[in-house]
Amino acid sequence: MTPITPYHYLVLSAALFMLGVIGVMTRRNIIIIFMSIELMLNAVNINLAAFSQQLHNAVGQVFAIFVVAVAAAEAAIGLGIILAFYRNKETLNIDEMNILRW
Amino acid sequence: MDVIAFYIFAAIAVVASVLVVGQKNPMHSVMLLITSFGALAGLYVLLDAPFTAVTQIIIYAGAIMVLFLFVVMLLNVPREEPAPPAVSALLGPTGIRIGVILSLLLGAEIVWALSRIGLGWFPQDPAAASVSSVALIGASLFTRHAFAFEATSVLILVAMIGAVVLARREH
């Protein structure tokens, strides 16, 4: 078997990122859309760790930790928005989320 | 051994992610996403990044997904979404169809870019030191990236205040 190269990790990361994009674009449930965004952030993290190992530079892992911190902040704010939205509209469908349009 | 472990973890991550996107019940989605993150933590261990793996488990699977679980249980709307899953979405309303087309376009671009890179592009340096040491990460975090570290603390403070303000009930 061929050894695992960063190319394998790039392909895996691209696949996970694509799944996240498909989730954001096709789903209408706002909680699942948020989970797809988390999926995309993780796909990026895999890339950072793979190149950190390949180039023998710890900065990639430092950035992966920053990404995790930003994801945590984003999840807290996003779930707060979901709660406020549900309190006002009694639904989780983002098609109903249009009061800022026009 | 590493090769087998990579394929097992990668397969778990991809399958769980597909199911996350295709699931009707958000509760099942959260559980599958935790599975996916666990598999990704295994990949970090394979990538010689044990600290990132533990961070992934503690912060993602531990903190963020528990927050998601709380919100899903708090709202208690198990299956209200009538929209079709990704496979039959091509037959759905125009917005979803455009979404599918844009996603496939991005997928084609990524495949094209990866095929352009090729396998021999990455520099190989097996003699260099391993990056798995936490001391190395800490030194980099607190010297060269100290400003970004402090800025992150401000970001988390802002997120904390914002979450409290957003979740508070108006009187």
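Just so it is clear, the values below take in all heavy atoms, side chains as well, and ignore hydrogens, waters and symmetry mates. In what follows, every chain begins at residue 1, and chains take the letters A, B, ... in the order their sequences are listed.
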Exercise: identify the closest heavy-atom pair between [X] and [Y]:
X	Y	result
P26(B)	M35(A)	O-CE, 3.8 Å
L166(B)	R87(A)	O-NH1, 4.2 Å
L16(A)	A13(B)	CD2-O, 4.0 Å
V20(B)	R27(A)	O-NH1, 4.5 Å

Between [X] and chain B, which part of the residue has a heavy atom less than 4.5 Å away: side chain, backbone, both or neither?
X	result
V24(A)	neither
E38(A)	both
A72(A)	both
F63(A)	side chain

Answer yes or no: is there a side-chain heavy-atom contact under 4.5 Å between [X] and [Y]?
X	Y	result
Y9(A)	L46(B)	yes
I65(A)	T152(B)	no
T52(B)	N45(A)	no
L104(B)	I22(A)	no

Given that the side chain runs from C-beta out, which part of [X] has a heavy atom under 4.5 Å from chain A: side chain, backbone, both or neither?
X	answer
A148(B)	both
L74(B)	side chain
L67(B)	both
A63(B)	neither
I110(B)	side chain
V30(B)	both

Walk me through it: do I82(A) and F68(B) pass the test side chain to side chain contact (heavy atoms under 4.5 Å, CB included)? CA-CA 11 Å; I82(A) 291 177; F68(B) 269 94; 5.8 Å; no
Output the distance between atom [atom1] ([X]) and atom [atom2] ([Y]), rounded to the nearest 0.5 Å.
X	Y	atom1	atom2	answer
N25(B)	I32(A)	CG	CD1	8.0 Å
S17(B)	L12(A)	OG	CG	8.5 Å
Q61(A)	F51(B)	CD	CZ	9.0 Å
S52(A)	I137(B)	OG	CD1	7.0 Å

Atom CZ of F66(A) with >12 non-hydrogen neighbours under 6.0 angstrom: yes
- prompt: CZ of R144(B): more than 12 outside heavy atoms within 6.0 angstrom?
  reply: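 Atom CZ in R144(B) is not packed in, count stays at 12 or less.
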- Task: May I ask you to name which of I156(B), T55(B), V14(B) has the most heavy-atom pairs under 4.5 Å with chain A?
- Result: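 Most heavy-atom pairs under 4.5 Å with chain A: V14(B).
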Decide yes or no on side chain to side chain contact (heavy atoms under 4.5 Å, CB included) for F149(B) and V62(A), but give the supporting numbers first.
CA-CA 10 Å; F149(B) 184 76; V62(A) 173; over 6 Å; no
Those residues of residues 34-44 of chain B that come under 4.5 Å of chain A on a heavy-atom basis, listed by number, are S36(B), F37(B), L40(B), L43(B), Y44(B)
